[in-house]
Every structure is written in structure tokens, then in C-alpha cells.
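See structure below.
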Amino acid sequence: MKSFLYAFATGLLLTATLTVQAQTAGSYLFNVSTAAEEIRTEVAANGAALKSLVVDYFIVGNPSPDVDGYVLATSTRQSLIETLHDDVVAAIGQATALDSYINPVNIQTWAAQIEGLGDEIIAESTNLRNQILAGDATLANATALAIRADLASQYDLARRITREATYYQQAQVAYDVRILLVDNAGNPVTGSTGLMGYYAYNEYTGAYVYPDYFNANEFSDIRGGTWTFGSYPGYFDGASSRRVTLRPALAGPDGFIPVELVYWSE
């Protein structure tokens, strides 16, 4: 009896530990997304400052715009972006340590590129200041365009980080899925078919997952996200595919999410 109670308590502890780990990984991924969104905010503000300077100098024709104020603002914002970069790298590392399904390479690479662009933007902003003070409008215009391009790249990279972190947040929950065949009227298809099997295609990662060996129409522990479910046609029959974003509300009483495919045969 004691051994049973010990095993039962150990099982509960293990389950609780896994749950806490999943929640913690999700919280770190949330931190990644939050930091990436803050990067986008700072980049947008940096772009607005650049636009204000460009309008004042090139369009209004002010020969003495506030270039020192612009350089200081750029340096301050890019320094903050560098700090946010550190937050992203730390958080994705902590999330990965708790969930081996997470691949941190893309986020780490994009974060490093954001940091590198920040160094370029600071240097280019100093060049822009010097060119404007020297009255070299041609060089200043080319430099301003280069800064704008680098800011656009930073913004896009931060958006990619948010998207990737959001996917892994969804993937913190695993689901069981059962394929059901119906006819054009929605009636269940019974009996054997000539279909050669089923697949699930992850719309974000591009990975394919296949059913359990002993349950040809059931997928176990599919990570959350958007999937396309389909079948491999037979010689004279086939079935439609269906795109589904997995979520708890779709699960039936038995815990499986039913995915209906429309079956056809010649």
C-alpha cells in the first residue's frame, strides 16, 4: 500500500513539474514577444526622428537642422534596442532549456542581426550629421536612405521574432486529432477505402506528421498551431484537405479533435 501511495504521489509530482515547465517556457516566450514588440516601437520612433530631420533639411530647406539632437536620440534608442536584444536572447535560451521542442536558432540569428544593424545605424547617423553640417546634400541623401533601409530591416526582423515566439507559445499545448471521413452531404463514410494514409502538415514549420502506427486515422500529441490535414489518394478515390488551427475548444468529450475530410470515389 505504501509503495502504491508513493508511486501515485511521485506521478502527481512529475505531472505537476511538467505543467510548471510548460507554463514557464510559455512565459519566457511571452517575454521574447514583448521585447520584440518593444524593439519595433523603438525602431519606429527612430524612423520618425529620421523623417523629421530629412523633411526639415531637404524639404523645408533648413540649413541648420537639429542634427545633434537626432544623433543623440538615435544613439539612445539603439542602445535600448541592444538591451532588448539581450532580453530576447536570454528569454529564448531559458525557454529552450525547459522545452526541447523549441529551436532558438532563428530568433537568436535575427536578434544578432538587429544588434548589428544598430551599430551601423549609429555610425551612419554620425556620418549624416557630418554631411549635413558640411552642406553635402548629395551624400546626406544617400546616407539617409541607407539608414531608412537599415531601420526597415530591424523592424522586419523584430516582427519575425514575434511571429516565431508566438508559434512556440501555441506549441506549448499538444493535441490528439482524429480524421473522420464524410460524404458531400456530411454523412459519415463507413467501411474500407482505397486511401493510402493521412498526413498533417505544419503551416509554420513545414514539417509533416503521420498517424499512430496502430491507429491509422489518429495523430497523438500534435503541437499547437495551424495544420493542414489531408490524405494520400488511392487509385480510384481520395479526400479533401482541411486547414485547422488547433485549440482546446475543438476537442470532443474523448479529448480528440475531430477533423472531417470529404471523401470521394470514382
Side-chain angles (χ1 to χ4, degrees), residues 22-55 70-71 73-125 128 143-173 201-207 222-228 243-247:
Q23 291 173 341
T24 303
S27 67
Y28 284 130
L29 290 165
F30 176 79
N31 292 342
V32 171
S33 297
T34 299
E37 287 303 304
E38 290 180 14
I39 288 174
R40 292 174 69 184
T41 298
E42 293 303 319
V43 171
N46 205 156
L50 175 65
K51 180 179 179 180
S52 178
L53 177 65
V54 166
V55 168
Y70 162 73
V71 170
T74 295
S75 179
T76 300
R77 290 194 174 95
Q78 290 300 326
S79 293
L80 177 55
I81 288 171
E82 184 173 350
T83 299
L84 292 167
H85 152 274
D86 296 341
D87 292 342
V88 167
V89 172
I92 193 60
Q94 290 163 325
T96 302
L98 293 169
D99 184 357
S100 61
Y101 178 77
I102 299 170
N103 185 342
V105 172
N106 283 341
I107 289 178
Q108 291 169 338
T109 300
W110 296 331
Q113 290 173 345
I114 287 173
E115 184 181 35
L117 285 166
D119 294 336
E120 291 182 16
I121 290 167
I122 291 174
E124 289 168 341
S125 295
L128 178 61
T143 302
L145 290 175
I147 295 172
R148 186 176 69 174
D150 284 346
L151 288 169
S153 294
Q154 277 190 321
Y155 193 88
D156 180 63
L157 289 165
R159 181 191 59 78
R160 294 187 201 178
I161 290 174
T162 299
R163 185 166 177 258
E164 184 113 338
T166 298
Y167 164 71
Y168 281 122
Q169 281 179 279
Q170 293 177 327
Q172 288 304 294
V173 181
Y201 172 75
N202 189 308
E203 294 286 347
Y204 184 78
T205 67
I222 290 186
R223 292 282 187 151
T226 299
W227 296 78
T228 292
R243 190 170 182 264
V244 180
T245 299
L246 303 179
R247 59 185 188 276

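Using a 30° and 60° split on the angle between ring planes, Tyr101 and Tyr168 fall in the perpendicular class, above 60°.
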Donor-acceptor contacts under 3.5 Å from residues 29-40 side chains, at least two apart:
unit_1: Ser33; atom_1: OG; unit_2: Leu29; atom_2: O; d: 3.4
unit_1: Ser33; atom_1: OG; unit_2: Gln169; atom_2: OE1; d: 3.4
unit_1: Thr34; atom_1: OG1; unit_2: Phe30; atom_2: O; d: 2.9
unit_1: Glu37; atom_1: OE2; unit_2: Arg40; atom_2: NH1; d: 3.1
unit_1: Glu37; atom_1: OE2; unit_2: Thr162; atom_2: OG1; d: 2.9
unit_1: Arg40; atom_1: NH2; unit_2: Tyr155; atom_2: OH; d: 3.2

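A side-chain N or O of Gln154 and one of Gln78 form a donor-acceptor pair less than 3.5 Å apart.
Note: Thr143 OG1 to Arg148 CZ = 13.0 Å, rounded to the nearest 0.5 Å. The distance from atom NZ of Lys51 to atom CG of Asn46, rounded to the nearest 0.5 Å, is 14.5 Å. For the atom pair CG (Leu84) and CD (Glu42), the distance works out to 7.0 Å, reported to the nearest 0.5 Å. Once rounded to the nearest 0.5 Å, the distance linking NE2 of His85 with CG of Leu157 reads 11.5 Å. With rounding to the nearest 0.5 Å, the separation of CZ in Arg163 from CD1 in Ile161 is 13.5 Å. Taking CD1 from Ile92 and CG from Asn106, the interatomic distance works out to 10.0 Å, rounded to the nearest 0.5 Å.
Residues Asp99 and Arg223 are in side-chain contact: their nearest non-hydrogen atoms beyond the backbone lie under 4.5 Å apart. Between Trp110 and Glu164 there is a side-chain heavy-atom pair separated by less than 4.5 Å. Taking the side chain as every heavy atom from C-beta outward, Leu50 and Leu128 approach each other to under 4.5 Å. A 4.5 Å side-chain heavy-atom check between Ile102 and Gln172 finds at least one atom pair inside the cut-off.
Under the 3.5 Å distance criterion, the side-chain polar atoms of Ser52 are left unmatched by any main-chain donor or acceptor of Ala49. Remark: the backbone N or O of Tyr70 is paired with a side-chain donor or acceptor of Thr74 at under 3.5 angstrom. Between the side chain of Ser125 and the backbone N or O of Ile121, at least one donor-acceptor pair lies under 3.5 Å.
Annotation: Arg160, atom CZ; neighbour count of heavy atoms from other residues, nucleotides and ligands within 6.0 Å is above 12.
Here the options are Thr226, Asn202, Thr205, the test is side-chain hydrogen bond (donor to acceptor under 3.5 Å, both in side chains), and the partner is Tyr167; only Asn202 passes.
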